[in-house]
Each structure stands twice: as C-alpha cells, then as structure tokens.
Amino acid sequence: MNTSPETSIGRDASGPIRLMLRDRTATTGPIDGAWWPRTDQPMTELHQLVTAVGPRIGKLARLGFDWTTSESGDSTASNEQAARIMHVVGSNGAALALLVIPSATEAPAARSQMRWAAGKPRVQDPAPAETAADGPRTLVQI
C-alpha cells in the first residue's frame, strides 16, 4: 500500500471511494470530513465507506443521518439547503461526522466542499480538464 499522506483506499468497479477526512493531528471541527458518493443510491456504496473509515473508528457500531432541511424545520426546503450529515460511530468510541455531498455535484464544487469539510484550504482545482469530471482520486490516510 502507498504510504504517502494521500492514499487511494477502497476501489470498486466505478473507481476509488471519494472521501476526504480531517488529519488526525488537526484541530477538530464540527465536521470531520466529506464523502461524495458516485451515485444517487449511496447505500450501495456504504460498505466501501465503512471499510475505508475502519482504521479510525474500528468496527461500525452505529450509523446515523441528519438530513435536516432547514433551521426552521421547513421540510419543503431544497436539497441544497439540507444539512446532509452522516454520523459514523465505531466500536472504539470514535465518531466521525461526514458531510455527504450529492452525487450530481459538479467536480470543482464537490472538491471545494470536501476540502472545507476536511479542514484544508480551498484551492483552485489543478486537475487537467480531462480528469476533473472524475472527482478526487485520493483519500487522506486514516
């Protein structure tokens, strides 16, 4: 396995998992990272996500979702306003709060959201145009 700071972990037929986590040594924030599923059926990719975060949380103990649509409780708010937070709790007591980015999000916007959620500076996407649509190909080592 590649031991560089960013490592591709978890591959399936459609490519590596699109997950970015805050560094273990970084100051914690309200969100620990982001997950950008490849399809609008994220449950089909959940096993891959749980496997990827296993080194941080141990065995999965609990999974929860906060799909709050607005602070006022208005359930007619658009999906763009939804909190979309997934809470992953492990057997070792560790927990991660992950921003779930909708699969249809344009690659530059998704990358920017992932970097923000992982506590990394937002930077201009340096990826060549022919690969930019594929999204991030790396995962911060966990």
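Values reported hereafter were calculated over all heavy atoms of this structure, with side chains retained and with hydrogens, waters and symmetry mates removed.
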Report the distance from atom CD1 of Ile85 to atom CD1 of Ile31, rounding to the nearest 0.5 Å. 4.0 Å
Side chain Arg38, main chain Ile17, donor-acceptor under 3.5 Å: no
Check whether Val89 and Leu21 end up in the same hydrophobic cluster, where Ile, Leu, Val, Met, Phe, Trp and Tyr are linked by side-chain heavy atoms less than 4.5 Å apart. no
Kindly say whether Pro108 contributes a backbone atom to a donor-acceptor pair with the side chain of Ser112 at under 3.5 angstrom? no
Single-linkage hydrophobic cluster Leu19~Val50, side-chain heavy atoms < 4.5 angstrom: yes
According to a 4.5 Å side-chain heavy-atom criterion applied to Ile, Leu, Val, Met, Phe, Trp and Tyr, with indirect links allowed, do Val53 and Leu60 form part of one hydrophobic cluster? yes
Is a side-chain donor or acceptor of Asp23 paired with a backbone partner of Thr25 at a separation under 3.5 angstrom? no
Side-chain polar contacts of residues 98-107 - donor-acceptor pairs under 3.5 angstrom, sequence neighbours left out - could you list them?
from: Ser103; atom 1: OG; to: Thr39; atom 2: O; distance (Å): 3.3
from: Ser103; atom 1: OG; to: Asp40; atom 2: N; distance (Å): 3.4
from: Thr105; atom 1: OG1; to: Pro102; atom 2: O; distance (Å): 2.8

Atom of Ala117, atom of Ala34 and distance for their closest heavy-atom approach: CB-CB, 3.7 Å
Hey, what do you get for CZ (Arg111) to CZ (Arg18), rounding to the nearest 0.5 Å? 9.0 Å
Pairs touching residues 91-118 that satisfy ring pair (Phe, Tyr, Trp, His ring centres under 6.0 Å), sequence neighbours left out: none
State the CZ-CZ distance between Arg56 and Arg22, to the nearest 0.5 angstrom. 10.0 Å
Neighbour count >12 (heavy atoms, 6.0 Å) for atom NE2, His87: yes
Look up atom CE in Met86 and atom CG in Asp32, then write down how far apart they are to the nearest 0.5 Å. 13.0 Å
Distance (rounded to the nearest 0.5 Å) between Met114 CE and Trp35 CH2: 11.0 Å
